[in-house]
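Protein chains get the first letters and strands the later ones, always in sequence-line order, with residue 1 at the start of each.
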Amino acid sequence: MRHGKYPFVIGFLVVPVLLYAVFVISPYVQAFYYAFTDWHGIAAHPKLVGFANFTKLFHDSVFWKAAEHNIMLLLALPLITIAIALFLAFMLNVGGGSRGGTRSGVWGSKFYRVVFFLPQVLSLAIIAVLFQEILRPDNSGAINSIVHALGFSNIGFLTNPTLSMWTIIGVLVWQAVGFYVVLFSAGMSSIPGDIYEAAEMDGASRIVLFFRVTLPLLFDTIQVAWVYLGIAAFDAFALVNILTVDNGGPDGATTVLANEIYRDAFVYSRFGYASAMGVVLFFLTLTFAVLTLRLSRRESIEY
Amino acid sequence: MSLSPENPGTAQIAKPDLNRRTVLKRASALGLLAVPAVGLLEACATSGGSTPSDQSTGGAKSSDNPLGVDPAAGVEVVIFAGGYGDAYATKYHVPLYQKAFPKAKVTESSTQDIQGTLQPRFSGGNPPDVVDNSGTKFMDFGALIQDNQLQDLTDLLNAPSVDDASKTVKDTLVDGTVEVGTYSGKPYVMNYVFTVYGIWYNAKLFQTKGWTVPTTWADFKTLLDKIHAAGITPYGYAGANASYYQYYVLMTSAAKIGGADILKNIDNLEDGAWMDPAVKQSAAAWAEIGAKYSDKAFLGLKHTDVQLKQDQDQVAFYPSGNWLENEQKDSTPPTFNYAMMPVPSVTTSDKLDASSVMAVAGEPFIVAAKGKNPKGGMEYLRRMLSKEGAKDFTTATGSLTSVAHASDGMSLSPGLTSSSDALSKAKSAFYFRFDGWYKDLDTECRAATNELFYQGGTADHFCQRMQAKADAIKKDKSITKFTR
């Protein structure tokens, strides 16, 4: 058997690796090259311009505004999503108290689990279109029709610049929470029941159980969630592009880096400049992931 | 492009970028590999030659074939399937060419994403011969011209027209058509559809209510008050994706107040062009309409939403080009007849008459210089620009072409009649081009217009931010400049 192993393994790998190299790695590498050109998307031989795109980027107020929104997402999205997901997962798995020695969730937890996960099944583009109708600023919007019927003035979820970014965060959290509920549930179910039992015997309340037992034992899973959500915060493209007023408006109030990359490349035909922005985003995302993994490294608890 | 109608019902959905997560895992390794590999991959997305080896050399010239097309050479046509569809090409224009050159094979295809479909073919040296370079995702004209991709259409314009050999093609076009297709002194683009811009209303509703079309600003505001009292939103446009419809009327008012040169100065990025008192006056007048006579919720609506509201008589006035009636034909009830009025005069001392309108040839057709059959491409345009071709287009799309008097004697729909009447009565017609020349300025003007109209902005701020953007574009050496 041993001597046929390598051709066998290579036979399996060669096609996916080739596809990956051609359609994922090579465009990435090319983006690095285009970042140093003035390519408009048509010319066969674009001119090399050195670091001009990057210096221009540094003075571009739209770029900084978009970066600011990405950082806002980076802070808010993981924090809110993980907090809600942890709470829900705890209630679904542990919060119901113990019955016959095994911990269980609150009544109806199986049903809730499906409900929470449902948004994850839909693609972001579909969610954006749905929320367009839910958040419509006139009386035919799903929320505003109620607001209007109650006698209040309509809420401009997407048209009020101070509110619009929070609306985006809200939709992103709504979409993401279900997945992390499932992720944390899996983590919680692998925590041995006797630890809870022992803690309960010592008189720990549910809140103490959560903070002293669940949270520390779930730390690795939370760390993974944080990295995933952080990366998602650097994206948010589909939602911003489809849902918001004027693609990232009103007046740039919701724009993010990925949206500006798209606009520069496909509206302004400045592929070189867009590539430069892509390169910056690439390093931002990379730095974030490395930093998170480094800073949050700690002894994992064996059980 | 701003000169053509938004696609009904199609949101500008872009594919989400889903791969970053998977890439991350390999990213650190890739980062190290990237730089040395760059040189090797230099020509990947931009591969392809610059001189086509198999270009048709043409055939003998004759009175039926003044451009000297090879009668057997095929022609490939790509149409933007937006508000006008592509039936005008498949049903009428392709057969016209086919009839003249039975041996030639004409292939037509259509797309809603011209750039995504065709840009790789242009950069790969294999472009189609004729392209209707329109829609939101059109290819940048400056970039195409910079790379010598466009056929100079001078030969076409100087060729005798199909209907009358004593007239050149140029002679048969509406005034200004050649000019709007001219870049850096050369006619590269043939704009085929003639669009008139104004403010649209329901003629039947106005008749039953006894409302008359205003020509002065005072009358306009009195009428808006009356409409408001009748429980109808007097005026509105869609801020979410069609705010440029509103800046078209804003620019119209500016031109009427201060003369058409105001727009020329703006196009040419003259210093202080946006700070002109006429622009400021126009912005102030429209800011007041927005604050008093509109609904702020429209900022978050798409053009289809607001247009539907108008069809239901929930909105009285809506700014648009004359494609509107055709675009809305499926949702217009029998109690609704589209009619267009010119933008009323803002002051009593306006330089241009109240009848003046903004009118411009749009729907840009180009011929690829590096295609297989550029002569055939020009001949296709020549056939399109015949009286027959133009009439067929009007029949198929309900829109006027830039061929002069082509629709004479045809029975037109009420809205089209109203807008072509407005054009023929207009003492002057004008246009601007900055939105197509400098997309940044278009983006800025959309946001600034929304701010001015729906978010309580001021005229001073509007002018300042537009001027700042125009100055920044003027200073930016990487942006190709145009003048007229």
Given a strict heavy-atom distance threshold of 4.5 Å, which part of [X] is in contact with chain A: side chain, backbone, both, or neither?
{"X": "B:R465", "answer": "side chain"}
{"X": "B:K477", "answer": "neither"}
{"X": "B:Q146", "answer": "side chain"}
{"X": "B:N148", "answer": "neither"}
{"X": "B:D295", "answer": "neither"}

(Q) Does A:D246 form a side chain to side chain contact (heavy atoms under 4.5 Å, CB included) with B:N450? I'd like the steps, not just the answer. (A) CA-CA 9 Å; A:D246 230 355; B:N450 273 341; 3.7 Å; yes
Q: Locate the shortest heavy-atom distance separating A:P137 from B:G300; write the atom from each residue and the value.
A: CG-CA, 3.8 Å
[X] portion near chain B, given a 4.5 angstrom heavy-atom threshold:
{"X": "A:D138", "value": "both"}
{"X": "A:N154", "value": "neither"}
{"X": "A:Y273", "value": "neither"}

Q: May I ask you to decide whether B:D440 forms a salt bridge with A:R263, counting only side-chain N to carboxylate O separations under 4.0 Å?
A: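 Salt bridge between B:D440 and A:R263, a charged N being under 4.0 Å from a carboxylate O: no.
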Q) Is it the case that A:Y268 and B:T443 place a side-chain donor and acceptor less than 3.5 Å from each other? A) yes
[atom1] of [X] to [atom2] of [Y]: how many Å apart, nearest 0.5 Å?
{"X": "B:D305", "Y": "A:E133", "atom1": "CG", "atom2": "CD", "answer": "6.5 Å"}
{"X": "A:F271", "Y": "B:S123", "atom1": "CZ", "atom2": "OG", "answer": "9.0 Å"}
{"X": "B:S478", "Y": "A:K56", "atom1": "OG", "atom2": "NZ", "answer": "3.5 Å"}
{"X": "A:S140", "Y": "B:L301", "atom1": "OG", "atom2": "CG", "answer": "7.0 Å"}
{"X": "B:K296", "Y": "A:N160", "atom1": "NZ", "atom2": "CG", "answer": "11.5 Å"}

Q: Quick one: which of A:L239, A:N144, A:V245 has the most heavy-atom pairs under 4.5 Å with chain B, could you say?
A: A:V245
Q: List the steps, then state whether salt bridge (charged side-chain N to carboxylate O under 4.0 Å, His left out) holds for A:D264 with B:K439.
A: CA-CA 10 Å; A:D264 264 295; B:K439 291 302 282 179; over 6 Å; no
Q) Are A:R270 and B:I479 close enough, and set up right, to give a side chain to side chain contact (heavy atoms under 4.5 Å, CB included), and what steps lead you there? A) CA-CA 9 Å; A:R270 287 196 288 250; B:I479 299 174; 3.9 Å; yes
Q) Given side chains that start at C-beta, do those of A:P250 and B:E451 come closer than 4.5 Å, heavy atoms only? A)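 No - every pair of side-chain heavy atoms lies 4.5 Å or more apart.
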Q. Are any of the side-chain heavy atoms of A:F266 and B:Q119 separated by less than 4.5 Å?
A. no
Q | Over 12 foreign heavy atoms within 6.0 Å of NZ, A:K47 | A | no
Q: Would you check, one step at a time, whether the test side chain to side chain contact (heavy atoms under 4.5 Å, CB included) holds for B:M139 with A:S269?
A: CA-CA 8 Å; B:M139 292 176 288; A:S269 292; over 6 Å; no
